[in-house]
Number of protein chains: 2
Amino acid sequence: MLKDIIENNQNYQPGLSIDCVIFGFHDNQLKVLLIKIPHSKSWSLPGGFIPIDQDIDTAAVTVLNGRTGVEGIFLRQFATFGKIKRNDQHFGKEVLEYLKIEEEKGKWLTQRFVTIGYYALVDFLKTIPKSANKEEVIEWIDHKEVPELILDHKEILDKALQTLRTELNLMPIGYNLLPEKFTIPELQKLYETILDKKLDRRNFLRKITNIGILTKLDEKKSNVAHKAPNLYSFDKDKYDEVLKNGLNQGW
Amino acid sequence: MLKDIIENNQNYQPGLSIDCVIFGFHDNQLKVLLIKIPHSKSWSLPGGFIPIDQDIDTAAVTVLNGRTGVEGIFLRQFATFGKIKRNDQHFGKEVLEYLKIEEEKGKWLTQRFVTIGYYALVDFLKTIPKSANKEEVIEWIDHKEVPELILDHKEILDKALQTLRTELNLMPIGYNLLPEKFTIPELQKLYETILDKKLDRRNFLRKITNIGILTKLDEKKSNVAHKAPNLYSFDKDKYDEVLKNGLNQGW
DNA sequence: AGTACATTGCGTCATAATAACACATTTGAA
DNA sequence: TTCAAATGTGTTATTATGACGCAATGTACT
C-alpha cells in the first residue's frame, strides 16, 4: 500500500522509483499492462518504490510478480528518467489528497523523483493482472491505443518500445511472449507488430529458422481457418546460447 | 567541493549519484579518464551529485565539462547501478574522516546510494583533464591497464565498454574520438581496440566507406614511416543522418 | 644509389545473406 | 464443387562478406 510506504518512508530509497513497461502479445496485438488510478483521469505504468535494503533489480521483480503473478520472466532495465519537470508537485498533492494524508506528512512523496524504467516480456495467457486494491483497475491495452498517461509515462513507454525494437536485432525474442507451442506466422506477426512493418513470409521463415533456435513439432495447429500451420517450439538451450552471444554481430 | 555538497545536501537529490566513463583514443589505445582520491588506495570514475533543480542529463554534462573542458561531446546514459551492497558504509566513513566531517553531519553521504552511469566519447587532444583540488590526481589510463577501482566502479566501466561495443554495430562512432582529419588505418585501430580483435584492412575500408560518412581529403598524413596514408574527415551531415537512422537494421 | 621491408591502395574471387517473386497444397466457406 | 485465403517449399538476381593477391609508396639500411 502506498499509504504504508509514505508513512514508513524511512524504509525506502528517497526520490527514486521504478516503473515497468510490461509487454504481452495476444490477438496479433502487442499489449501493455496499464493501471487506472481512481484519483486521476489518466492511466499509469505499474510502478513501485525501492526498499532501502533491496537491489533495484529485486524491487523491479517484486513489482512485476505482484502485478502479473508470473515468475522467471524476461525483465530488463532500459533507462532512467530524471528530468526535473517529470513529476510536478500537482500530481503528488492529488495523490496525498486522495489518500487523506496531510501535506506535511506526505512530503516524502511530493519531493523530486527520478524513476528507473524496466521492461518485461510476459506470456499473455499465463498472466493474471492483479490490482492492488478495489478502486484500482489493471488492464492489458493495445500499444496502439494507449490512453493519456500520467507524468512522463508516455515517454517511458515509447523509450521501452524503441529499446525493444533495437534489441530485436541483437537477440532472439518470443520465448517470453508466446505460448510453448506456436506457429511461424504467429511469430512473424509478433515481429511485425513490434517493428510496425510487414515482412515477407518466406524470407522470414528462412531467416528465423537459420538462427537455429526453433524445433519443428510433428503437430499442426487445430481449429483454424484455411491451411493448418505447423507448430514449433523454442529449443531453450540454443535460445539461451544465442541470447548470450547475440546475433547480427556486424563487425 | 564534496564538503560543500554534504553540508548543503538539501540542495541535492538524496541517495543518487552520477558516474561517468569518459573514453578517449590516443597512441592506438582506448583510454579512460580516472581519478585518484587521496584517501583511498583505489582509483575512481569521475562522478558527481544531482542538484535538486537539475535534469540528470544536465548534471552529467556538468561532470563531464568540469573534468574535460570539452563541450558538445557525445554523452549517453547506459545503465543505473543499484545493488544494495554497491557502496559499503566503510567507504563513506573513510571519506568523512578525510574531509573531517562528523559522522552525524555526514549521514547524507553514508546512506545507500544508487548511481546512474553515463559514458562519453571525447577527443583526446582537445581534452585537458582537470582535478578538483590539489590532492586529487586525474589521468588518462589505458583501458587494458585499469588499476583497482573503488566500490563497483570496475563493473560500471565494464558495462560501459560492453555497451560501446554493442553500439558500434548500431551507429557510427569516431567523430567524437578522433581529430578532424584522420586516416583509415587510425579509424580501424579505434574499432579494433574497442572490439578487441583484428579486422581485415581491405574489408574494413570497403565496409566503412560504404556507410557513406567519410570524405576523402586531397591530403596525405605527413611525418610517418612507410607509405603516407590518405587523410579523411567525417561528413557531419551524413554522419548525423546515419546516427539518427542507425545502421545494420537486421529486420 | 640501390635494396629490403613495412604499410597503404586497389583489386579479385568464392561464398553467404538478402530481397523479390512463383507455384502447388490445404482447408473452410460460398 | 469451386473459390478464397492462408501455408509450405521452392527459384533467381542482387548484394554483402570473408579471404586473399599484388603493385605502389616511403623509410631505413648498406
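Throughout, protein chains are lettered first and strands after them, A, B, ... in sequence-line order, and every chain is numbered starting at 1. Computed from a predicted model, the values in this text were never measured in an experiment.
- Each of A:R206 and B:L231 lies near DNA chain C, and the nucleotide nearest B:L231 is the one positioned closer to the 5' end.
- With a cutoff of under 4.0 Å to any heavy atom of chain A, the contacted region of DNA chain C is bounded 5' to 3' by C:dT18 to C:dG28.
- Looking at A:E148, its side chain never comes within 3.5 Å of a backbone N or O of A:W43 through a donor-acceptor pair.
- Across A:T193 and A:Q29, no two heavy atoms sit closer than the pair CG2-C, 4.2 Å.
- For the residue pair B:Y175 and B:D240, no side-chain donor N or O sits within less than 3.5 Å of a side-chain acceptor on the partner.
- At a threshold of 4.0 Å, the pair A:R67-A:E136 counts as salt-bridged, since one of the basic side-chain nitrogens sits closer than that to a carboxylate oxygen.
- Side chain of A:H143 to backbone of A:L30: a donor-acceptor contact under 3.5 angstrom is found.
- For D:dA6, the OP1/OP2 oxygens have no side-chain nitrogen or oxygen of A:K189 closer than 4.0 Å.
- The nearest whole Å value for the distance from the CG atom in B:N169 to the C1' atom in D:dA16 is 15 Å.
- Between B:K207 atom NZ and D:dT15 atom P the separation is 17 Å, expressed in whole Å.
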## Note on the structure
Letter by letter from the 5' end, nucleotides 20-30 of chain D scores (B base, S sugar-phosphate only, - none; protein heavy atoms under 4.0 Å) BB--BBBS---

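- Ring orientation note: the planes of B:F234 and B:Y239 are nearly perpendicular, at an angle over 60° on the 30°/60° scale.
- In this structure, A:N230 reaches the sugar-phosphate backbone alone: every heavy-atom distance under 4.0 Å involves primed, P, OP1 or OP2 atoms, never a base.
- Nucleic acid contact for A:K221: none, since no nucleic acid atom lies under 4.0 Å from a heavy atom of the residue.
- Between the side chains of A:S17 and A:T115, at least one donor-acceptor pair of N or O atoms lies under 3.5 Å.
- For the residue pair B:Y119 / B:E167, a side-chain donor-acceptor distance below 3.5 Å is found, with atom types taken as modelled.
- Summarising the geometry, the separation between CZ on B:F204 and C1' on D:dA16 is reported as 16 Å, rounded to the nearest angstrom.
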